[in-house]
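Remember, it's 1-based here, ligands and their atoms both numbered in the order they're listed.
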Amino acid sequence: MSGEFQAICDIGEDTLVICDNCGYATNIEVCECPTKDILNEEVEVEKELLYTPNVGTIQDLYNQYEISPDSTVKTLIYKVDDKFYAFLIRGDRELNETKIMKLFKTQEVIMATPEEDEAITHAKVGFAGPIDLDIPVVIDYEVLSMKNFLVGANKTDYHYIHVNLRDFSYDMVADIRNICESDSCPHCGGNLHFKKGIEVGNTFKLGTKYSEALGLYYADENNQLRPVVMGCYGIGVARILAAYVEQHHDDNGIIFTKELSPYDVSIVIVNMKDQEQVSLAEKIYEELHGNGISVLLDNRDLRVGVKFKDMDLIGIPVRITVGRKASEGIVEYKERENNEVIEIQSNKIINSIIHS
Ligand SMILES: [Zn+2]
């Protein structure tokens, strides 16, 4: 099984599609769109050529002619393996290049350049349409149920309105667009929502491609040689850290959990000139360290405010501050994720940390 492991995170580059109802979750690149036939009983009318100067975008059409984007079909010309194709999707949808790569079993899917586009349509970019176009046409499933829609006329400054499927020929119907939040879940019909994600791990099923090439075989129970089925797995260590920090921080810095923190405990000495403070801090350090706890001791001769700020920034989950009450063996205990400061006997806190 091939799969992605995604950490939900606003700065992520991937768009994840998540179903509220059945828990289906996938990357938008591979999310199938619902292909259920929608009954459209609108009466088909005759197509008409419409003069549309100064129209460059679907939004211009809406602003100037009040033609709603969902009753338009855009024609996008792409070069697939050195051959041009026109892809038709509803005007307010996005073409999904990954789906086209899968459909044609190729990695070579490139949008036509403006020059290529103009040579094919004999019109300026923005006026491409399927009528009398002499390259193969692929239409999205959704276009199948549309009626009386607008398309480019392959003539500069003109569109056709009231176009229907009978007005042009097409070679293929396929799922070629990105799913939208307004679509329903392709599995259960539930509501979808989008989230941003960072891919932090993945698994790939390689099958027998490499084992056959490398001659990696095993003998089965009948002593028949069979290729080993291979898989590979990846964990993005740096990405996990980046995603974690994005998910767990406040205005002062990182908030690490014990599992991810570079140190378990930090110790801050308030006044480096006070020998009692220094000795107690070093004693706590040694005891914790000796018991397998990783400790960062801040013994820099700096103002305590600066040290606190740095510790908050680094995000170590527990901070022990050794200050004025060092002579009584009392220290301050604070967890990074809350602001509560507790005064406690140093022996007590050492024990509690070692046994937690
Ligand atoms: Zn669902």
Side-chain angles (χ1 to χ4, degrees), residues 1-42 58 68-74 76 78 87-107 109 138-147 149 165 170 172-207 229 231-236 239-240 242-248 257:
M1 298 287 286
S2 296
E4 289 178 354
F5 294 80
Q6 291 274 358
I8 290 173
C9 183
D10 290 339
I11 60 144
E13 287 177 342
D14 290 330
T15 302
L16 310 179
V17 182
I18 299 163
C19 172
D20 293 334
N21 185 44
C22 73
Y24 173 66
T26 189
N27 194 311
I28 195 168
E29 281 186 355
V30 294
C31 185
E32 52 203 281
C33 294
T35 51
K36 203 174 56 181
D37 289 342
I38 301 158
L39 191 63
N40 181 346
E41 288 178 324
E42 213 178 307
I58 302 272
S68 155
D70 62 8
S71 59
T72 69
V73 168
K74 57 185 172 190
L76 302 165
Y78 273 74
F87 295 96
L88 267 60
I89 54 175
R90 205 173 88 177
D92 53 345
R93 302 304 197 198
E94 285 170 6
L95 193 71
N96 182 314
E97 293 181 15
T98 307
K99 288 182 181 177
I100 292 172
M101 287 179 195
K102 263 196 177 159
L103 187 65
F104 287 88
K105 296 187 175 65
T106 178
Q107 298 287 316
V109 175
V138 181
I139 67 172
D140 182 59
Y141 273 112
E142 193 178 34
V143 176
L144 273 188
S145 59
M146 291 177 69
K147 287 185 179 175
F149 47 84
L165 292 177
Y170 50 91
M172 206 192 295
V173 182
D175 173 13
I176 53 171
R177 69 172 174 97
N178 279 345
I179 200 158
C180 298
E181 275 183 300
S182 55
D183 282 312
S184 49
C185 171
H187 290 279
C188 74
N191 289 333
L192 296 176
H193 67 269
F194 287 3
K195 287 245 181 261
K196 287 287 175 191
I198 295 180
E199 188 182 351
V200 292
N202 54 40
T203 60
F204 286 113
K205 185 176 177 185
L206 299 170
V229 177
C232 66
Y233 314 90
I235 296 179
R239 283 171 172 223
I240 287 175
Y244 180 85
V245 171
E246 282 297 329
Q247 289 173 338
H248 301 88
T257 59

- Run the numbers on Lys205 and Val229 for side-chain contact (heavy atoms from CB on, under 4.5 Å), then give the verdict. CA-CA 8 Å; Lys205 185 176 177 185; Val229 177; 4.0 Å; yes

- Item | Close side-chain approach of Tyr170 and Leu144, heavy atoms under 4.5 Å | yes

- Near the Zn ion (ligand 1), meaning under 2.8 Å, the protein N/O/S atoms are Cys19 SG, Cys22 SG, Cys185 SG, Cys188 SG

- Message: If you count every heavy atom of other residues, nucleotides or ligands that lies below 6.0 Å from Lys147 atom NZ, does the total exceed 12?
- Response: yes

- For Glu94, does the CD atom sit with more than 12 other heavy atoms under 6.0 Å from it, leaving out its own atoms? no

- Message: Tell me if the CD1 atom of Ile11 is crowded by more than 12 foreign heavy atoms within 6.0 Å.
- Response: yes

If you look only at distance, which donor and acceptor atoms sit under 3.5 Å apart when one is on a side chain in residues 95-102 and the other is two or more places apart or in another chain?
| residue | atom | partner | partner atom | Å |
| --- | --- | --- | --- | --- |
| Asn96 | OD1 | Thr98 | N | 3.0 |
| Asn96 | OD1 | Lys99 | N | 2.8 |
| Asn96 | ND2 | Ile28 | O | 3.3 |
| Asn96 | ND2 | Glu29 | O | 3.1 |
| Asn96 | ND2 | Asn178 | OD1 | 2.9 |
| Glu97 | OE2 | Tyr78 | OH | 2.9 |
| Lys99 | NZ | Cys31 | O | 2.7 |
| Lys99 | NZ | Asp175 | OD1 | 3.0 |
| Lys99 | NZ | Asp175 | OD2 | 3.2 |
| Lys99 | NZ | Arg177 | O | 2.8 |

